[in-house]
Amino acid sequence: MTSDPRRAIPSTDRLLTLPEVIAAGQQLAPHIIRRTITEVQTSARRGETAPDEVIPRVVDAVQATHTTNLSAVLNATGVIIHTNLGRAPLSEAARDALHAAAGYVDLELDLDDGKRSKRGAWAKTALLAKAPDAEDVLIVNNGAAALSLATTALAVAQGKPEAIISRGELVEIGAGFRLPDLITSTGTQLAEVGTTNRTTFEDYRNAISERTGAILKVHPSNYWIGGFNSTVRTKQLAALAAEEGLPLIVDVGSGLFEADPVLPDEPTIGQALRDGADVVIASGDKLLGGPQAGLLLGSKTVLQTLTQHPLARAFRADKFTLAALEATLNAPSTPVHDALHADSEVLYARSQRIAEALNAEVVPHEGRVGGGGGAGVPIAGWAVSVAEEFARPLRTGSPAILPRVADGRCLIDLRCVPEADDQVILHRLREIAAEVEV
């Protein structure tokens, strides 16, 4: 009889005493260590790994395992608010705030008198300073929650379940998520008016009935309608809502506070408030450049109604969101703002230095806002053009670098890449050039 080679597979107890495994245990939970060991042992029992390879494979596996599977990525796509990459990258001030919030903080405590205080009052103060036209604000966990809370609290909860909305504003955003489904999920009924491309003031007026609880205006965000079209301005709807004693809810989407010449057609929070909206909704992780959050700004009466609704507790923001949002609002700039206003000549010079080192080419490249902001608005820029075969090694290397692939080429747009990382990208491109046949 021959000895079963599986008898030579090291036991779990022996593997747990390896110095490298013990060291890894300072960072990883015991069940993670044991799971990693079991996976290597199982591979050996199947004959996929030789018994004498188990120890080095276990060592490699535990040293390569981290407490999170998220990977930092250099965004070389030219899309500033990239949803697949977590939308807005946070400013240094916001990152410092997250670190501070990781411990015990005075989230709902007045340190002066030692009594309980309003939750996240400092974040609300910063938001009111940024939007002086608002009488009051409420911060929830995301934009969808803000819209759901507003329609539920101002319509359904008041016994008038209908919200009037233009058919041209029945938006579907990423991953098949449809705002009408969100709004109606809590009992709000949508009274659709107008047509896809044209909605008039009279369409809204004629739709008002004893069941009407609110008028809703939603910025389409990720699409636009051209040609033969018309919409009703916020100021006109505000006058109608005031005349009928109804609240006007305006979702501007991307979180731009005031007009920006780079995005001339983007609606702003400030203008919507000045035009008479009772509550304005926006996201915190888009053009504002902060953490994921839903912002509700408007009249004190309406905001009080929203704050007192039970959903406000279900949707409330945590301490990390509040801390990062305050820091974002108080900081002089954000990575999103800097990328949106990057100097074209500087981008070209940076791209040219990398291209010359690789004997590559710099080509014109149009960036995008992304994240439902500035739909269809090109942002002129540049990209280093290399062979398409570079794309996968860039994505899967360390650090991960996400380029854009178009027309059979791999395009590296530096708009969203910190200048300090240019040498990192050049180093990776040189490594790949030495390995990839092009």
Side-chain angles (χ1 to χ4, degrees), residues 80-81 87-91 93-94 122-140 142-143 146-147 150 169 217-222 224 231-239 248-300 302-303 324-343 367-379 415-416:
I80 300 172
I81 306 169
R87 290 188 177 169
L90 296 180
S91 65
W122 19 269
K124 289 184 62 175
T125 298
L127 188 52
L128 283 167
K130 187 76 171 181
D133 296 292
E135 295 178 0
D136 200 0
V137 298
L138 176 62
I139 303 163
V140 294
N142 63 26
L147 184 57
E169 298 172 2
K217 184 172 180 61
V218 176
H219 178 53
S221 296
N222 56 359
W224 70 100
T231 58
V232 182
R233 292 182 293 112
T234 298
K235 184 176 291 187
Q236 293 174 284
L237 291 179
L248 172 62
I249 305 167
V250 177
D251 187 340
V252 299
S254 65
L256 189 63
F257 278 85
E258 295 297 344
D260 189 319
V262 178
L263 302 170
D265 297 321
E266 193 73 13
T268 68
I269 294 170
Q271 192 59 56
L273 289 168
R274 289 189 291 274
D275 284 344
D278 294 289
V279 59
V280 179
I281 295 169
S283 294
D285 57 347
K286 296 182 180 179
L287 287 172
L288 173 57
Q292 176 178 293
L295 313 179
L296 300 106
L297 309 93
S299 73
K300 189 172 291 292
V302 169
L303 266 294
L325 180 62
E326 181 199 17
T328 299
L329 291 163
N330 289 338
S333 189
T334 66
V336 166
H337 180 274
D338 295 344
L340 184 63
H341 297 88
D343 187 298
R368 288 291 188 273
V369 173
V377 178
I379 306 173
R415 178 178 296 277
C416 303

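Quantities reported herein were computed from a predicted structural model and do not represent experimental measurements.
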Q: Quick one: pull up CD in Glu326 and OG1 in Thr328 and give me the separation to the nearest 0.5 Å.
A: 9.5 Å
Q: Which heavy atom of Gly255 sits nearest to which heavy atom of Ala282, and what is that distance?
A: CA-CB, 3.7 Å
Q: Side-chain donor-acceptor contacts of residues 261-268 below 3.5 Å, not counting sequence neighbours, with atom names and distances?
A:
residue	atom	partner	partner atom	Å
Glu266	OE1	Gly374	N	3.0
Glu266	OE2	Ser254	OG	2.7
Thr268	OG1	Gln271	N	3.1

Q: Looking at side-chain heavy atoms only, is the closest gap between Trp122 and Asn330 below 4.5 Å?
A: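 The answer is no, as the side chains (C-beta and beyond) never meet within the 4.5 Å cut-off.
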Q: Not counting sequence neighbours, which residues clear side-chain contact (heavy atoms from CB on, under 4.5 Å) with Ser333? List them please.
A: His337, Asp338
Q: If we only count heavy atoms from C-beta on, is the Leu138 to Val279 side-chain gap below 4.5 Å?
A: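 When only atoms from C-beta onward are counted, Val279 and Leu138 do not touch, as no gap falls below 4.5 Å.
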Q: With a 4.5 Å limit on heavy-atom distance, are the side chains of Pro291 and Leu90 in contact?
A: yes
Q: Considering non-hydrogen atoms only, spot the tightest contact between Gly298 and Leu303 and give its length.
A: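 Reported closest heavy-atom pair: N-CD2, 3.5 Å.
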Q: For Val336 and Gly289, work out which heavy atoms get closest and say how close.
A: CG2-CA, 3.9 Å
Q: Please enumerate all residues that pass side-chain contact (heavy atoms from CB on, under 4.5 Å) together with Ala375, with sequence neighbours excluded.
A: Trp224
Q: Nearest 0.5 Å, what's the CD1-CG distance between Ile269 and Leu288?
A: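 Taking CD1 in Ile269 and CG in Leu288, the distance rounds to 7.0 Å.
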Q: Nearest 0.5 Å, please: how far is OG1 in Thr234 from CD in Gln236?
A: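 If we round to the nearest 0.5 Å, Gln236:CD and Thr234:OG1 are 9.5 Å apart.
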Q: Let me check something: any side-chain donor-acceptor pairs from residues 126-135 under 3.5 Å, sequence neighbours excluded? List them with distances.
A:
residue	atom	partner	partner atom	Å
Asp133	OD2	Arg274	NH1	2.8
Glu135	OE1	Lys300	N	2.9

Q: Who passes salt bridge (Lys or Arg N to Asp or Glu O under 4.0 Å) against Lys217, sequence neighbours left out?
A: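 If we apply the salt bridge (Lys or Arg N to Asp or Glu O under 4.0 Å) test to Lys217, skipping adjacent residues, the hits are Glu169.
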Q: Can you list every salt bridge (charged side-chain N to carboxylate O under 4.0 Å, His left out) pair that touches residues 280-290, not counting sequence neighbours?
A: Arg87-Asp285
Q: So how far is it from Ile249 CD1 to Leu147 CG, rounded to the nearest 0.5 Å?
A: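 Spacing of CD1 (Ile249) from CG (Leu147) equals 7.0 Å.
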Q: Could you tell me the separation between the OG atom of Ser283 and the CG atom of Asp251, rounded to the nearest 0.5 Å?
A: 7.0 Å
Q: Is Leu325 close to Leu295 at the side-chain level, that is, under 4.5 Å between some pair of heavy atoms?
A: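 Yes, their side chains come closer than 4.5 Å.
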Q: Under a 4.5 Å cut-off applied to non-hydrogen side-chain atoms, are Asp260 and Leu287 in contact?
A: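 A side-chain contact is absent here, since even the closest heavy-atom pair is not under 4.5 Å.
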Q: If you measure from CZ on Arg415 to CG on Leu340, what distance do you get to the nearest 0.5 Å?
A: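 So the gap between those two atoms works out to 7.5 Å.
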Q: Search all heavy atoms of Ala94 against all heavy atoms of Ala324 and return the closest pair with its distance.
A: CB-O, 3.8 Å
Q: Please identify each residue that fulfils ring-ring contact (aromatic ring centres under 6.0 Å, His included) with His219, with sequence neighbours left out.
A: none
Q: Is there a side-chain contact between Val377 and Val369 in this structure, where contact means two heavy atoms from C-beta onward sitting under 4.5 Å apart?
A: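 No, too far: nothing below the 4.5 Å cut-off.
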Q: What are the two closest heavy atoms between Ser91 and Ala331, and how far apart are they?
A: OG-CB, 4.4 Å
